Amino acid sequence: MHLIKCPWCGERAEMEFTYGGDGTLTRPADPEAASDAEWTDYVYFRDNPRGPHEELWQHASGCRRWIKVRRNTLTHEILATGPADRPLEGNAS
Amino acid sequence: MTRYSIFSLVRNGFGGHRDWPEAWRSPDPKPEYDVVIIGGGGHGLATAYYLAKEHGVANVAVVEKDWLGGGNTGRNTTIVRSNYMIASNAHLYEKSMKLWEGLSQDLNYNVMFSQRGVLNLAHSDPQLDAFARRGNSMRLNGIDAELLDRDQVEAMVPLLDCSDDARYPVMGGLLQRRGGTARHDAVAWGYARGADSRGVDIIQQCEVTGIRRDGGRVTGVETSRGFIGAKKIGIAVAGHTGHVAAMAGLRLPIESHVLQAMVSEPVKPVLDTVVTSGAAHCYISQTDKGDLVFGGDLDGWNTYAQRGNFPIIEHVTAAVLTLFPAFSRLRLMRAWGGVVDMTMDGSPIIAKLPVEGLFLNGGWCYGGFKATPGSGWVFAHTIAQNRPHDLNAAFTLERFGQGRTIDEKGAGPVPGAH
Amino acid sequence: MVEVLPRRSALEGALEAGTFGAGGTPGLTLSERRRLAIVHVAGDAGDPAFTDAVRGRTGLDLPIEANTTAAGNGRTILWLAPNRWLVVCDGEESAALETGLRDALGSTFAAVNDVSQGRTVIRVAGARAPDLLAKGCPLDLHARAFPTGACGQSSLAKINVLVHSVDRGADGGTDAPILDVYVARGFALSLWEFLTDGAGEFGYTISPMP
Amino acid sequence: MTGQPFRIAEGGRIDRAKPLTFTFDGRAYQGFQGDTLASALLANGVRVVGRSFKYHRPRGIVTAGSEEPNALVQLRAGGRTEPNTRATCIELFDGLSAESQNRWPSVDFDLHALTGLFSRFMPSGFYYKTFKWPAWMWMTYEKFIRHAAGMGRSPTVADPDRYDHRYGHCDVLIAGAGPAGLAAALAAGRTGARVIVADERCEPGGSLLDHAATQGGPSAPSAAADWIAQSVAELEAMPEVTLLRRCTVFGYYDHNMLGLLEQVADHQSQSQSKADPFQPRQRLWQVRAKQVVLATGAIERPIVFAGNDRPGVMLAAAARAYVNRYGVRPGNRAVVFTNNDSAYEAALDLAAAGVAVAAIVDCRAEGGALTETARAQGMDCLTGYAVVAAKGGKRVTGVTVMALAEDGDAGGKVTGGRRAIACDLVCVSGGWNPTVHLHSQSRGKVRFDDAIAAFVPGESFQAERSAGAARGTFATAACRAEGAAAGGEAARLAGFGDTPPPAPSGDEPRQAALAPAGAPLWSVPQAPGGHGKRFVDQQHDVTAEDVALAVREGYHSVEHLKRYTTLGMATDQGRTSNVIGLAILAQLLGKDIAAVGATTFRPPYTPVCLGAITGRETGRHFAPTRRSAMHPWHQARGARFVAAGMWLRPQFYARPNEAMMDAIHREAKHVRQHVGMVDVSTLGKIDIQGPDAAEFLNRVYINGFKKLETGRCRYGVMLREDGLVFDDGTVTRLSENRYLMTTTTAHAGPVMAHLEYHLQVTWPELKVHVVSVTEEWSAIAIAGPHSRAVLERVAGGIDMSNRAFPFMGFRQGAVAGVPGRVFRISFSGELAYEINVPADHGLFVWEAMMEAGGAFDIIPYGTEAMSILRTEKGHVVGGEIDGRTSADDLGFGRMMSQAKDFIGKHSARRPGLVDGHRQQLVGLTPTDRKTRIPRGARIVAEPIGQVPKSGAATPVGMIGAVTSQCYSPNLDTPIALALVERGRDRHGEILYAASPVAGITVPVTVRDPVFIDPQGERLRG
């Protein structure tokens, strides 16, 4: 079971969290202006990297904040965590 | 090739088994092939086999970075079924089922396909409705299905807890009698031997590091054993689909997740049917060796580590014991994880890619093992004919943008939810 | 003012006073805290108008640090999230507390909700209290990690809970440590069953409903 | 009852004052407190304890620990029976009963052993080559295969024992309490760190317990015994140290989470267990450790030779443990076969205990450090020799030895004359494998150490380090030093103890005696003309010949070898066989062992009881149960409950002698004619506050919310971002900036997370707070023509008139004196209201309303009647909102606002969602107005004939599916909702509802989905 550092509550067991997938997605600011291809990319296509992966989790049994987590998908190491509404600190790799 | 039979076995028995030949050769790669299949798992080997057998394309190499069948072919719960509701899924998996039914004979390799039935348990009235809907679809799609009531389920699976005060009481079930299990490793080995005997080169310990393109079309693969030219390239690398597609500059509607499976210590036969429960999130069967094999949900997050964690084991085991309280004193012997490529609608992609000569077979989610023969068959057709067979025409990459997803569970673009 | 209406606990009927489980000295006492006023407050901790208003009505500074509480005048404020708190009062009318807070906040961007009846609060007291919760809760409840005044939200027996470390006490105190478990009302009976079943090996006393 | 002919008169860690009686295969024996079942069986001269998996060969006891491959028994009977239990790990208790496995009729005479006669035709993988013809026979072949396989028997009734779980946290976790582990625990514990020490055996001390020097006791004090006792006493006095006995660290998972299995009561007799019914049988720990010390010791490995599976062939260290620790002679006359010095220690201990040592066969040409000592004691030491075969059937009667050729490679070549040596015990030692399992599970690398010919821990990945024999250090003093250093370092890294401990003593001299001189000997080849089976994996009957065959057939990878031969896949997980198999493979391929590679170790280290993994959360407690405040009332009125997510909801309230369907139809009819009440507390309720609340609602619903007035409700539909329908519900504007949203029961959680996601991630600039208030409010829907009249009696303060309180209106006010909320909304299509009151008052208000409704013949109704009512009204629920339907499919197309963006809008425009072939919601009635429309029926355009059961049929084109169906008691006809291709254009058409699984097809007429009151006069009246 992962140990995930909630930026507020501290290190907590994975069972308190729910996974929210790729955290680099940004909903196009103007959906009307977005092309169909851009939209499809946003809804369906993913980088799915081997290695550091920036993703969203919700501390669902805790403070209920959505948070960003950079986690290595090969080793499960958690490299950084932070609030969801701003970029994570540190490099992606 | 020495044919395998009781006679050759007895003959060799007297000779101390010293005369059995290698099941497949280990050739050095040729400079160029008509088709290079990336991935020596069940799907890649089956594709090569059917390319040679059905389409006369034998100048084929299967390149495998490690050992044959070492990916998901050897890391699943061996269940075979075609109990799908959506027509395109149903027809594809039923094609596979029909191939399974003659596979041991076709390959001259006993894959131990055992049609012991796959039973989905219903725990509520709405679920029974949904099963009826699925069962009716199956039957109208030409597939066998039976809707069982609780008494019939109880008679079929005596150790199942069918009491009223269960947390998820059993209300009935959907049975596909032709479903069952097969010996997973044997499938890879049988196809490898079959493909090899038809001239396919199987190249193990050969990792693809790049896909070479000349303008809009592929010319071959860079590998740890040098460049191998190819007129066409088929990708069949479950667990690494996104990674290999990225070599050709493609991004996919796929996330990689880990699916765990586990076995108990072996016991004398106690469970003849494959039993699954959607509400409790588990499936369980007993192997010929006596192990109870069970599995359940994904761990839930993207991963390429063939490594799961304990909470899912805990959850799946709890589900198994809730259904089968008598198994409580058996022991968990082994648990393992396979990396499954989960698409955004829960169904695979078997299609030509936007790069000429490049073909993709991936994103099998939970369905990869059971699909092996059918998947190889339609993929071989797609590669050989340069167009999909009717059976895989719907499984395109474009379906996502077009809004024609094949979403058996209706879970939407949340790959972990399928 | 309406007359005092009959309020029913989610544990009514299940909470039966007595001593249960293994023999010897009971290691635990289980009880329900009744008639608490519990108000959920959401707002911007960085906005003085918000914090002042809460202080004005409760007499307490909002605990800004995660997993901490502020207590005094019979009231406790428990931290829930960077912008959320529970104000808990013993012996106060919840509607009055809710209205009072809302009035104090005026047009400040905040949300106030009386959630008194949506939560059940189970008090687990005694030397084995952390051991009992550890049977289903991944929080580290050791006194070093979870001292007096700490609070934490987590999962207990697959149910979301808020645990409040009311008092870790001194060594040997029979009632210490005292841990309050806040649970959604609908799950209260299920959690109670889990706790009483798990408490069997320690021996436990259920103290009567007040 | 027999005596214990092989019991040594004194010594050992058993309590001769406490004799225990047990039975094996129905026969009674006696042992002592402190015995294992294995030691007690040996004491009684029982040698054959089981039969092997494939050939059913008689098998005896090989080890004295959890690595045992052979001595698996069926322990206990009835609901507590437990298959495949290692006799070497079962602590003897009074009344224990065990049976041998995999034999019929008895372990001494097993008919299945006849398969052994055909073993030459059953090499590895033989089943892949045969049983293929005729194809239809496979299921029959398989039946026999299945019955011959398997080991013990599963219980067939529920387990009467209880299991518990606990989460643990510590600064330092130490796996193993041998010399290294105890030293580590002392070093870490003294810093004040929180320490957990777990050891799988019943007492700390590890391998020291097996040594003669540790036995002592009061009459013969020993330094080792004193050290163990003092260490344990000190540890137990430390408040922050937890010492767990009988507790195996079985798994090392991500982020330093370890799984421990504590066998709390397995060693107790039934009467002892009964004395404390609250004690669990086993407790599973999930421990999060800051730092870990692995002091898991090493496991001796055998050497492969012909007949090496004969009962009486045993590991040397095991024989040593039996004589020293248990006071049992495992035989009378022993041959010791070794490639290292450790077996000499065993030989000396055996001799001291009165076992004649017929010979020490040492494959090393020069012998080792203890060879001269042994010779000095008169032992015949044959250096440069190997045992080529063991003779005997159900017990070994002697061995044949031959000289090893000097030019022999690591596989050995035997030469010269044969010498037969009679014996009834063969003690084998092929060297030691450090137990690197947990290190490997933690993702640590292992490397092959040529000096000890074994895998040792390499680089760590997580916060762990190995100490002692687990890292290839065998001398006791060095183990203790290494343990102390590791424990100190672990505590320091966890924040305790300032002074850095001495550097880990990686260069401590190993007990040189244990390092075999020259190349290790893995397997002894057949003597010329020999044909005895040479077992690598005893439990699975995998021989050296099987390994060779696999290699010959091209299965060269370790994984292929394992899977083709099943080597190492047995319940012992190849503890004593994997490395040997690997070595033989390497020899055959002409590669180094390191190049062939080790397989990755995965949890669990030893098999873990499923009940313990599950703990208490099984059966009725598999998932928590959620109950509304009115639950006790429903229960008292005989409601049958149905699970809705975690909630239990009343399905219907049958009257005495009333059948289920009758009750449901009565309830549904009664509501339309009179009045009824249903508990809808389970619907999700979300309080939404803030100046941007209306804007937020506008973005998450397809329809507009900015114009909703205070005091009014509006129905809303939400899409997922892929354009398909997510959920529906109502929104009420409570005040200027405050709204109450309701969701379906099923989606309450997901909708809340969805709202939080968009507020926190997508639009953090919006000033909105969302708070779930589902649990705060009990919700009661009252429906039917008399609902207004009933409410007027209990909510007199609210003007209920149609004008003052119209449809989709909202009022606050007292209901039965309780301040509450009243919404005039209708799910049934009747005049209806929903009342919310704080949950502690829910039952009171429910009762008050029931009482007030008495004059109007009010009834409670359940989810079934509710479902009929909504189907009659054409309202969609889960069957229709199944994640594949668009808003337009369900008839909400015109609700989709063109004036604003909302979640899912862009996707909803995609061609696949707007093309003309989509299935649309319609109503169906059977053309004869009588025949029930089958559940889950598919809609076809033409009548179909009999559909055959299996796959031969030609597929039939389907144009739709029934999504909900019922008999409508109010219309006196069966009705259904369905999704049908271009359904809205087909009103009036006759189609067919086909249910091959039910064996019927019903002609149906397509119509509008609203069956009752399409103008909405009733609900607005």
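Just so it is clear: chains get the letters A, B, ... in the order the sequence lines come, proteins before strands, and each one is counted from 1. The structure displayed is predicted, hence computed values, not measured ones.
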- Task: Would you mind listing every salt bridge (charged side-chain N to carboxylate O under 4.0 Å, His left out) that reaches into residues 11-21 of chain A, with sequence neighbours excluded?
- Result: Arg12(A)-Glu16(A)
- Query: How about Pro311(B) and Met15(A): do any of their side-chain heavy atoms sit closer than 4.5 Å?
  - Reply: no
- The ring-ring contact (aromatic ring centres under 6.0 Å, His included) partners of Tyr84(B) (sequence neighbours excluded) come to Tyr93(B)
- May I ask you to list the residues in residues 41-48 of chain A that approach chain B closer than 4.5 angstrom, counting heavy atoms only, ordered by number? Asp41(A), Val43(A), Tyr44(A), Phe45(A), Arg46(A), Asp47(A), Asn48(A)
- Can you find a heavy atom in the side chain of His53(A) that is under 4.5 Å from one in the side chain of Thr303(B)? no
- Which answer fits Leu252(B), side chain, backbone, both or neither, if we ask what part of it has an atom under 4.5 Å from a heavy atom of chain A? backbone
- Pick from Met344(B), Arg251(B), His243(B): which one has the most heavy-atom pairs with chain A under 4.5 Å? Arg251(B)
- Look up atom CD in Glu55(A) and atom CH2 in Trp301(B), then write down how far apart they are to the nearest 0.5 Å. 9.5 Å
- Query: If you check every heavy atom in residues 402-418 of chain B against those of chain A, which residues fall under 4.5 Å?
  - Reply: Thr405(B), Pro413(B)
- Note on the structure: The interface call for Asp299(B) against chain A, heavy-atom contacts under 4.5 Å, is backbone
- Item | Leading residue by heavy atom contact count with chain B [cutoff under 4.5 Å; candidates Asp36(A), Thr73(A), Leu74(A)] | Thr73(A)
- Roughly how far, to the nearest 0.5 Å, is the OH atom of Tyr304(B) from the CZ atom of Arg50(A)? 7.0 Å
- Measure the OG1-CZ distance between Thr40(A) and Arg399(B) for me, rounded to the nearest 0.5 Å. 13.0 Å
- Tell me, for Trp57(A) versus chain B, whether the close heavy atoms (under 4.5 Å) come from the side chain, the backbone, both or neither. side chain
